[in-house]
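Letters A, B, ... mirror the listed sequences (proteins, then strands); counts begin at 1. Keep in mind that the numbers below use all heavy atoms, side chains included, and drop hydrogens, waters and symmetry copies.
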Amino acid sequence: MAKIIVYIDDKKLEAESGKTILEVCRENDIEILTMCHLEGITDIGACRLCLVEIEGNNKLLSACTTKIAANMVIKTKTERIKKYQRITTELFFAERNHVCSVCVANGKCELQKLGYKVGLDHIRYPFLFPQCEVDTSHEWYVLDHNRCIMCTRCVRVCAEVEGAHNWDVMNRGNQVRIISDFNTPWGESTTCTSCGKCLHACPTGAIWPKDIVQGQLNKNPGMITELIEKRKLGL
Amino acid sequence: MNRQELKTTIEAEKNKLDLQKTKHRICVCCGAGCISSGSEALLKKLQEEVETRGLEKDVEIIPTGCMGPCNQGPLVKFQPENTIYQKVDCNNIQPVVQAQVVENKPIENMLLFSDSRSKPFVNAKDDPFYKKQLKIALQDCGDINPEKIKDYLSHDGYQALDKVLFEMSPEDVIGEIKHSRIRGRGGAGYPTGLKWETVYKYVSPEKYMICNGDEGDPGAFMDRSVLEGNPHRVLEGMIIAAYAVGANKGYAYIRGEYPLAIKRFELAIKQAKKMGLLGSHILGTEFSFDVEVRIGAGAFVCGEETALIASVEGKRGTPKPRPPFPAESGLWGKPTLINNVETLAGIAPIINKGGEWYSEIGTPKSAGTKVFALAGKINYAGLIEVPMGTTLREIIFEIGGGMPGGEDFKAAQTGGPSGGCIPAEYLDVKMDYESLISLGSIMGSGGLIIMDKSSDMVDVAKYFMEFSMDESCGKCVPCRVGTKMMFDLLQKICNNKGTRIDLNRLEELAVYVKEASLCGLGASAPNPLLSTLRHFKQEYENRIEKEI
Amino acid sequence: MSKKKLATVWLGGCSGCHMSLLDIDERILDVAALADIVKSPIVDGKEFPEVDIALVEGSVTSDEHLQEIKLIRKRAKTLIAFGDCAVMTNVTGMRNYFPLKEVFDASYKYAVSNDQYGQVPSHEALLKLNDKVVPLQEVVEVDFVLPGCPPSADTIFYVLFEFLNDRIPNLSEAKKLKYG
Amino acid sequence: MNAAPTVKDIEPVKADPRLKLIAAKIKKENFKPDSLIEVLHIAQNAYGYLPMNVLKYITKALHLPPARVYSTVSFYHFFSLKSKGDHTCLVCTGTACYVKGAQAILNEIEKTFSLRPGQVSTDNKLGVSVARCIGACGLAPVVVLDEEVQARASTTEIVEKINKMVAP
């Protein structure tokens, strides 16, 4: 691929054309916050944390889905972007019921880390407190909708990597929920292979194994990325 | 059918029409509005009436598309006099036929607007309702039978297609469209010619042309009326567009709420195929193009291009980030052109009369005409088409006949849930893309709702926010959670429980959702809120608690 | 410099934050050197006095809490939301997912008990639970938030010590931001 | 390659003419997964809603993952997983109807029949729903009773007509 020049946060960088802004930033140790992105699976630009400003474009674009172009001038840390990252994080917390103190992911949660990163000490918006179900029907795993942030990483991992497509999203708007098969209990799924990839892909404590308690969750989303890499190499 | 055969058919149909000019043509409006008021029964009764009187030879009865003043229906128009009768039903059709056909003397107190005008007009074209209008997209609506392709042919139908296929290269067509300066009538106002050119430039063995008839704005029914009243015009526009960009397959995505439009468009496809105007080797040329109807399933967001594409692919209608734009990677990853119904309805006249002609109508930046669906607190609600740049005052007070009961005008809502409210001090605003944006509203697809003082603007903002919240696809965070949060805050303020902090939160969220959302729905969802905050801030202030 | 007046308050929480406060151990002497603790669950006193700093643990769950926090707001120069419950309702707020009646029934009527005729206690002298539990900032202006369930003793001391020395603490910069 | 499933693959096997309709559509669409919405339209029109066994049949016939079918069905307002009642009353709440008092009609319906939009009476006689705009704004407010459009609906008139409609 041809090399082109881009300017990110006033740094002149050389990068391969065809790459996304996110890829180029990560290669050059420029931090971009993400939540719905998971290396190796399709990017959907849904969480809006990776928004960047591009000179000459009055719209904010998601770094994970936007490809670089020659001489593109990109800003990743403007005041506006920082402010929006904070609001997005606040909305994540306010949308469902995130109670860190009783969560299996406490201390290992990507959402919690994101909160620290953007310096979120409290949420300025009223919490929505929706009534959410907890699906404990699977023999080994639990799906707790209270902690789900609808990043759909589980959906994509299951469909793209495992090839099972057990998960999808139902309804729309703020009524969206992750579903298994025909919105039937996970334990009754005819498509789930119980491979556990969704568990590792999940950034929060929404999917977890039954045999652990508060703060004990250990996830390894990198494993999924590695798996994809290995497959590409035919290993 | 080849070119010569088409020409012969058109000539024959036109001659027929000329012959008939001496006779009476009775047009019965069978737009959705008049059908709901009983025009189908009326049509039957009228046929019986004509038969009993033995007038079949002198009279042709034509069920047509929308004539405009929908709340006066059912409407019946007599040609060539161009006399329109309002609120005609099975009981009062007899005297009308007697007077108009037999005695040639109109019944004044049944004419259009006779109940509100001191002197109604015998020739409806003289009525201010029509006089200020200029019909291009709606040109033949109300004059032809939408279910007969020959009626369309007699009104210069498919002549533009003929011209394009035999006299113009795709570049010529694009040039002509660019020259006309027509802009997308779906809402955003992107220059149509530029859009075509972009799709044309992508090299791909497969390209698609989609007609966007997913008119989801509450209060808008322009596309519906065009599709129901003159489906062939839209189809012709699609074929020309496909020829220009090099697409071989097209989809007409029509709202499921419009069964009549779907039926008529499917019929139009069938008729056009039969005559060789659609399908393989159109009019004997090398160009082939096929169209399929896709029925929308009730999701406002599917009016957004990428969501519409997902829906055509049989999936959830969730939008995708752009770039890549559909012009590069659209339906099944192939270059795809998407145009709105009204835009496509304007294509044939541009080809026939030239881009120059079209570009001279309207304002320098917004050429042509725009169809508005006039509704709300207005005397003559219905469908109108005016040159861009007509002022709001002209539309409301001259065409629309003013407010019922002489109430004071408070605001006009344009663009539905993506638009905003225009207050009384801007009554003289020219209705074009830029002016409306500068007032914090948008042209949108053309819904125009008139409000008087009985409308509470905070409530109006809440109403639209609820709409956007329900219609949000739920994919991106700002729109999914932001619209819900804004709705809750508006609800709180409407219940007089809001605080200053809530108002500040609301303003901050509105700007955030506008800028951070993934698609156009989210980006425009805060518009009704922002515009009412801008023009009617006091109404919010009056409702918040003074503490914190 | 005259000594500051400090109050700590316990609203709808588990008192864990106060336990953590006690965990500052001997550093309480440093606090005592700069401030008098004039009102607290660990100090006697009836009326809430005028104070410089009020540390408020727990969320607002009842009409009584609401009155109390409004009074505190009036009498405290600096109001600190102390712990996750005060900041984001935390466990206290978990009843918000259900209608209040269901919560009462579950706790008093259907809970496992040797009293088979369980009933929801009601007496005018009892406080009335609000429909929804809210964090402090929903009802009063909060000057500083100190999340954590509980905040660690180190963090509490850091925040207190900064305020007592007329500095504004910064949890993010001090790398002391933590929830749960 | 698996043979395409036939109508017989569906349980119960009882020959329902509506199933044949769906099967015919699927065949016409060449079993393409992207025809899902088109097929669902046929099913929805035939049944008034989408019964679970029909959904399962479509899923199998189009070789789609169940979750994808359910997610699509639940996304679009046109598709319903529950029966909407023997008689239906649909109130348009588009902007024009809203301005002209659609809410008052809904309130009256709620008062008289204790049914809110989306609800069906316990005897399944009457279902009340709302549409975002049926596109007849010039006739606002509009109510559709069993497919019949009622223009410029007055509150009392509508209640009367519903009473007549559900009367045994």
Problem - Pair A/Trp208 and A/Tyr141, ring centroids less than 6.0 Å apart - result: no
Practice task
Determine, using ring centers only, whether A/Phe93 and A/Tyr125 are less than 6.0 Å apart.
Solution key: no
For [X], is it the side chain, the backbone, both, or neither that has a heavy atom closer than 4.5 Å to a heavy atom of chain C?
X: A/Tyr116; answer: both
X: A/Pro130; answer: backbone
X: A/Asn106; answer: side chain
X: A/Leu120; answer: both

Completion exercise
Answer key: most heavy-atom pairs under 4.5 Å with chain C among A/Cys103, A/Ala94, A/Gly115 is A/Gly115
Practice task
Looking only at non-hydrogen atoms, find the nearest pair between A/Thr78 and A/Lys75 and report the distance.
Solution key: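 Heavy atoms of A/Thr78 and A/Lys75 come nearest at CG2-CB, 3.7 Å.
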Exercise for the section: Identify which one of C/Leu160, C/Asp84, C/Thr155 satisfies the side chain to side chain contact (heavy atoms under 4.5 Å, CB included) criterion when paired with C/Leu146. Expected result: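 Exactly one candidate clears the test, C/Thr155.
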Practice task
Give me the one residue out of A/Ile32, A/Asp9, A/Leu22 that meets side chain to side chain contact (heavy atoms under 4.5 Å, CB included) with A/Val52.
Solution key: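 The single option meeting the side chain to side chain contact (heavy atoms under 4.5 Å, CB included) with A/Val52 is A/Ile32.
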Below 4.5 Å from any heavy atom of chain A, which atoms of [X] appear? Answer side chain, backbone, both or neither.
X: C/Lys175; result: neither
X: C/Pro135; result: side chain
X: C/Phe144; result: neither

Exercise for the section: Would you kindly say whether C/Thr78 and C/Asp52 are connected by a side-chain donor-acceptor distance under 3.5 Å? Expected result: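 No, no side-chain donor-acceptor pair sits under 3.5 Å.
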